[in-house]
Peer 1: 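The structure's right below; bear with me while I get my questions together.
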Amino acid sequence: MGVEVYHNLKSVIKKKYGQDATNVGDEGGFAPNIQENKEGLELLKTTIAKAGCTKEVVTGMDVDASEFYGSDKTYGLNFKEENNNGATKISGEKLKDLYK
């Protein structure tokens with residue numbers, strides 16, 4: 001199933017982003033020019049359905065939230081952005097809801 005999803009992902013990416021977006025890196029991963037995180041998850045959802053594996057395949061995320069957890073006990077969603085004014089900080093509860 002993993003192989004089927006991988007090969008279908010290539011075709012989904014090619015259709016949406018063009019042939020150049022299907023080039024792979026050293027570890028065999030695709031890196032299309034997505035604009036936001038949700039877009040990547042939608043690509044996976046579409047691909048899993050195209051591969052016919054929606055009942056067998058589930059997605060999970062390792063978001064490494066400790067990287068953007070602050071001393072004020074909030075999560076800074078734009079922590080890598082220069083001139084970050086903290087406007088995108090949210091509570092743990094709101095972060096959980098975002099992931100849902």
Side-chain angles (χ1 to χ4, degrees):
M1 282 184 268
V3 171
E4 285 295 318
V5 171
Y6 179 83
H7 288 292
N8 277 284
L9 179 59
K10 183 175 183 174
S11 69
V12 169
I13 290 172
K14 181 179 178 181
K15 182 177 179 181
K16 185 166 184 169
Y17 301 98
Q19 179 67 39
D20 289 345
T22 62
N23 295 331
V24 295
D26 293 340
E27 296 177 357
F30 298 110
N33 188 26
I34 62 172
Q35 298 302 307
E36 59 182 53
N37 295 332
K38 286 182 182 180
E39 191 175 346
L41 294 171
E42 286 300 321
L43 279 175
L44 290 175
K45 185 177 171 183
T46 300
T47 301
I48 292 166
K50 185 175 180 184
C53 302
T54 54
K55 292 183 180 180
E56 297 84 10
V57 175
V58 296
T59 55
M61 297 185 300
D62 178 359
V63 297
D64 198 12
S66 63
E67 285 293 311
F68 53 98
Y69 182 70
S71 59
D72 60 353
K73 298 184 179 183
T74 62
Y75 296 87
L77 300 183
N78 288 340
F79 72 101
K80 289 186 176 182
E81 191 174 295
E82 286 188 45
N83 304 319
N84 182 352
N85 66 4
T88 61
K89 289 185 174 184
I90 61 175
S91 69
E93 192 66 30
K94 287 186 179 180
L95 182 64
K96 181 179 73 173
D97 291 340
L98 177 67
Y99 292 145
K100 284 182 180 180

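Sequential numbering from 1 along the given sequence is applied to the chain's residues.
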Peer 1: Taking C-beta and beyond as the side chain, do Leu95 and Phe68 meet within less than 4.5 Å on heavy atoms?
Peer 2: yes

Peer 1: Under 3.5 Å, is there a donor-acceptor pair between the side chain of Glu42 and the main chain of Lys38?
Peer 2: no

Peer 1: What pair of heavy atoms forms the shortest contact from Thr54 to Ala49, and how long is it?
Peer 2: CG2-CA, 3.5 Å

Peer 1: Who are the side chain to side chain donor-acceptor pair (under 3.5 Å) partners of Lys96, not counting sequence neighbours?
Peer 2: Glu93

Peer 1: Do side-chain atoms of Asn23 reach the backbone of Asp20 as a donor and acceptor pair under 3.5 angstrom?
Peer 2: yes

Peer 1: How far apart are the closest heavy atoms of Lys16 and Leu43, and which atoms are they?
Peer 2: CD-CD2, 4.3 Å

Peer 1: Going by heavy atoms in the side chains, are Ile90 and Asp97 under 4.5 Å from each other?
Peer 2: no

Peer 1: For the residue pair Tyr99 and Met61, what are the closest heavy atoms and their distance?
Peer 2: CD2-CE, 3.7 Å

Peer 1: Looking at every non-hydrogen atom in both residues, tell me the closest pair between Val5 and Thr47 and how far apart they are.
Peer 2: O-CG2, 3.1 Å

Peer 1: Could you tell me which non-hydrogen atom of Pro32 sits nearest to which non-hydrogen atom of Tyr17, and how far apart they are?
Peer 2: CB-CD1, 3.8 Å

Peer 1: With side chains defined as the heavy atoms from C-beta onward, is the minimum distance between Lys50 and Ser11 less than 4.5 Å?
Peer 2: yes

Peer 1: Work out which heavy atom in Thr59 is nearest to a heavy atom in Ile48; give both atom names and the distance.
Peer 2: CG2-CD1, 3.7 Å

Peer 1: Is the closest side-chain heavy-atom distance between Lys89 and Leu77 below 4.5 Å?
Peer 2: no

Peer 1: Indicate yes or no for a side-chain donor-acceptor contact from Asn78 to the backbone of Thr88 under 3.5 Å, with no hydrogens or angles considered.
Peer 2: no

Peer 1: Could you note down all residue pairs passing ring-ring contact (aromatic ring centres under 6.0 Å, His included) where residues 30-64 supplies at least one of them, sequence neighbours left out?
Peer 2: Tyr6-Phe30

